[in-house]
Structures are given as structure tokens and as C-alpha cells.
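Single-structure report; data block below.
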Number of protein chains: 2
Amino acid sequence: MERGTSPVIEPGQIDREAGVATAQPSPCGELGWAINMVFRAFRQRASASLADLPGGPRGYLVLSAVAHDLPRSQLALAQQLAVDKTAMTYLLDALEAAGLVERRPDPADRRQRQIVLTSTGRSALAEFGERLAEAEQRLLSALAPEEAYAFRQFLDRVARSTKEVTEPCTVEEIPDPGVGLCP
Amino acid sequence: MERGTSPVIEPGQIDREAGVATAQPSPCGELGWAINMVFRAFRQRASASLADLPGGPRGYLVLSAVAHDLPRSQLALAQQLAVDKTAMTYLLDALEAAGLVERRPDPADRRQRQIVLTSTGRSALAEFGERLAEAEQRLLSALAPEEAYAFRQFLDRVARSTKEVTEPCTVEEIPDPGVGLCP
DNA sequence: TATTGTTATACTCTATAACTATA
DNA sequence: TATAGTTATAGAGTATAACAATA
């Protein structure tokens with residue numbers, strides 16, 4: 001795997017008129033590449049940490065959303081987490097089968113179902129939250145603590161801005177995310 | 001869609017012993033949620049910008065990697081971009097069919113194929129790069145220019161750290177990514 | 001008629017294994 | 001035997017459409 005065999009072939013007609021920026025180390029520097037790498041790395045670590053949780057990383061997000069908000073309909077949850085409402089059905093099936101959430105009919109609108117956390121679900125959320133916090137810390141270990149803090153804030157602002165057109169997070173709550181290790 | 005109908009149902013046994021952090025606005029604040037949102041938003045915008053490019057966003061990354069590096073084998077490319085070597089085959093099939101890259105047999109090791117950019121590929125890279133830069137700018141529009149710069153650097157460092165175990169980006173080139181809009 | 005939730009279906013991505021050709 | 005690339009296949013994730021119940 002050493003670069004010894006690295007051939008001497010001329011770059012050919014390539015890279016000649018690079019102009020804009022002198023040849024960089026590959027796609028590093030590409031925003032898309034970085035987002036992709038970080039996303040994949042996080043998902044991999046999170047999946048490992050949350051292997052026992054019915055819905056995996058997505059199941060955790062559902063639990064977290066349900067825990068931190070008032071009871072919400074499935075559709076509201078789906079929109080908030082940017083998953084399809086059909087996928088939300090499967091997710092909730094799994095979570096409910098595991099006894100972590102309950103579907104209650106909404107007395108005001110019997111089409112809707114309110115999703116609430118059970119006590120089992122709450123303790124599961126706490127336990128998996130700790131594991132996840134570890135994984136997050138490892139993921140950001142390349143950054144100094146203050147940098148990691150700033151990074152989280154930036155990421156959060158960008159994330160919110162992508163959906164702010166449709167619906168703000170809770171209306172008045174936009175300014176300072178609790179950041180830190182939330183749950 | 002107004003919150004008027006928002007029911008008055010008691011949070012029940014929920015949220016009572018939140019303890020750790022007073023109830024936050026939903027999953028906002030969750031690192032996983034933010035990464036997910038940003039990733040999806042970027043992919044969506046990038047896919048729109050690169051709709052005409054054979055491999056889509058992944059195709060662009062291949063072009064970019066090939067342009068900025070010496071000719072590399074398919075396997076090296078696949079590892080660098082964190083895609084499976086089998087997926088790389090399909091990607092290169094599409095890109096080669098469109099005349100954007102060429103597969104040349106490596107004279108030193110006839111098992112390997114060197115991937116080089118054609119002149120068509122280079123101009124395509126430039127054109128799509130501009131479109132992508134716009135999309136990136138819109139994605140980060142929630143951040144001030146200096147913040148966006150810092151964010152890119154942080155993201156890049158985290159991204160590199162996730163694979164640095166296997167192989168550094170070009171060995172000596174780690175410190176300052178060209179950041180900016182590279183291509 | 002419009003909306004919530006469910007079900008069924010298809011399509012894309014990804015992951016795995018088997019095969020070839022070279023080394 | 002091990003590696004680079006190809007092919008084929010199965011799985012998860014996601015998106016689409018059709019349906020039932022309710023508004």
C-alpha cells in the first residue's frame with residue numbers, strides 16, 4: 001500500500017489550466033465531501049451506539065422529539081424530523097411494540113394520534129442518550145472544546161435555516177440552542 | 001396549520017423529571033438531527049444543481065478528485081470518497097460513457113486502471129462547480145461570511161479526522177484546506 | 001373535498017459475495 | 001495466495017400512490 005509504485009505518468013493534459021486554485025489534495029476542501037464524510041461517520045457511530053434501540057438513530061430522534069415537546073401527531077413529528085409520514089408509521093410501530101411510546105387518540109381530532117413517551121421510553125432515552133453523547137464527543141474529538149461548541153452552534157443554525165421556511169422550531173425559541181449534550 | 005387546535009392535554013407522566021436540561025425545543029440541539037438536516041438539504045440542492053451530470057453529486061466528487069490529484073486507481077478513488085468499489089464501477093461507467101473520464105490501463109500493474117479527466121470532463125467540472133458553489137452559498141446563507149468560513153474549516157477537520165486512521169489526505173497536506181469555493 | 005394515518009409498491013443506495021485477470 | 005476490477009444479488013431507505021377514517 002506504499003506509494004512506491006506510484007507511477008510516473010505525466011498528468012497529461014490534466015491540471016494544466018487549473019488556475020482557480022493550485023491543485024488541492026483531492027476532494028478535501030469540497031463542502032459536499034466533508035458533509036458526506038461527517039454524516040456517514042456519525043451515522044455509523046450512532047448506529048453502533050443505538051443498535052439495541054428499535055428504530056436505530058431515527059428511533060432515537062423520535063424519542064427525543066417526543067420527550068422534549070408536547071404530544072404531537074405523527075405527521076407533525078414526521079415533518080419535524082424530515083422523514084416521510086409512511087416511514088414514521090413503521091418507526092412508531094417498532095417503538096410502540098417495544099413499549100417505548102404510546103399512540104393515543106386525539107380527543108379533539110380523532111384522525112390524529114398523539115405520541116407520548118412511556119416511562120420505559122424515558123429511561124431508554126436517558127440511557128441511549130449517554131451512549132450517544134460519547135459517540136458525539138468522539139466524532140468531534142478533532143476540535144477543541146470551544147471549537148466543538150461553535151461548530152455545534154453553526155451546524156444547528158444551518159440546519160434550522162433549511163426548514164425555517166416551513167415551520168420554525170417552536171415559534172419563539174430560535175435564538176440560543178441549549179447546544180451542549182442535550183438529553 | 002395554526003397551533004390553535006393544539007390540545008390542552010396534560011403532558012401526563014412525561015417530562016416530569018427531565019432533570020438534565022429543561023425541556024428544549026424538540027430535537028433541535030441534537031447533533032444527529034442537525035447533521036441529518038444539513039446533509040439532506042445539501043444533497044437535495046446539489047442533486048438539483050447537478051441533475052445533468054451522469055453520477056449526480058457523487059459523480060461530481062469523482063471528477064473533482066480526479067482533477068485535483070494524480071491519476072489514481074479506482075480502488076484508491078473509492079476509498080478516498082468512501083464509496084464502495086462496486087459503486088465506483090457504476091459511477092465510472094456513467095462518467096466514461098459521457099466522455100468525462102477515461103480508464104487507462106496502468107502500465108506498471110495491468111490489474112489497475114488509471115482514471116484521468118478528459119477535456120470535456122474538465123470543462124464540465126468547471127461549469128457544474130459554479131452551480132454547486134451557488135448551492136453551497138445558499139445552504140450556508142444563515143451564517144455570516146466569517147462564520148461560514150470557520151464552519152467549513154471545522155467541518156473539514158472533523159471529516160478528515162474520521163478517515164485519518166486509514167490514510168491521510170496526501171500525507172503532508174493536512175493543515176490549511178484551501179477552503180473557499182475550491183474548484 | 002381535504003387531512004391523518006395505513007398499506008402496498010417501486011426505486012435508489014448500499015453491502016455482500018462470486019468471478020476474472022493479473023500479480 | 002492476494003489484489004483490482006467486474007458482475008449479480010439482496011437488503012435498507014426512501015418516495016409514490018391508493019385506501020380508510022374523520023373532518
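Order of the sequence lines sets the chain letters (A, B, ...), proteins ahead of strands, with each chain counted from 1.
- Rounded to an integer number of Å, the gap from Arg103(A) CZ to dG5(C) P is 9 Å.
- Per the geometry, CG belonging to Leu91(B) stands 14 Å off P belonging to dT12(C), to the nearest Å.
- With rounding to whole Å, Gln112(A) atom CD is found 7 Å from dT4(C) atom C1'.
- In this structure, the CD atom of Gln79(A) is 11 Å from the C1' atom of dT4(C), given to the nearest Å.
- Between Phe154(A) and Phe154(B), the two ring planes are parallel [angle under 30°; tilted spans 30° to 60°].
- Residue contacts shown for Thr89(B) include a base, since a base heavy atom lies under 4.0 Å away.
- Checked for salt-bridge contact, Glu147(B) and Arg157(A) meet the test: a charged N lies under 4.0 Å from a carboxylate O.
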| task | For each nucleotide in nucleotides 13-23 of chain D, reading 5' to 3', give B when a protein heavy atom comes within less than 4.0 Å of its base, S when such contact involves only the sugar-phosphate, and - otherwise. | result | SSSBB---BBS
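- A salt bridge links Arg160(A) with Asp156(A): the distance from a Lys NZ or Arg NE/NH1/NH2 to an Asp or Glu carboxylate oxygen falls below 4.0 Å.
- Under a 4.0 Å N-O distance rule, the pair Arg138(B)/Glu134(B) does not qualify as a salt bridge.
- At whole-Å resolution of the value, CD in Gln74(A) and P in dT6(C) are 4 Å apart.
- Using cut-offs of 30° and 60° on the angle between ring planes, the pair Phe39(A) and Phe39(B) is parallel.
- The separation between Asp106(B) atom CG and dT22(C) atom C1' is 12 Å, rounded to whole Å.
- Between Leu92(B) atom CG and dA4(D) atom P there is a gap of 15 Å when expressed in whole angstrom units.
- dT22(C) atom P lies 17 Å from atom CG of Leu75(B), rounded to whole Å.
- Partners of Arg111(B) by side-chain hydrogen bond (donor to acceptor under 3.5 Å, both in side chains), not counting sequence neighbours, listed by chain and number: Asp109(B).
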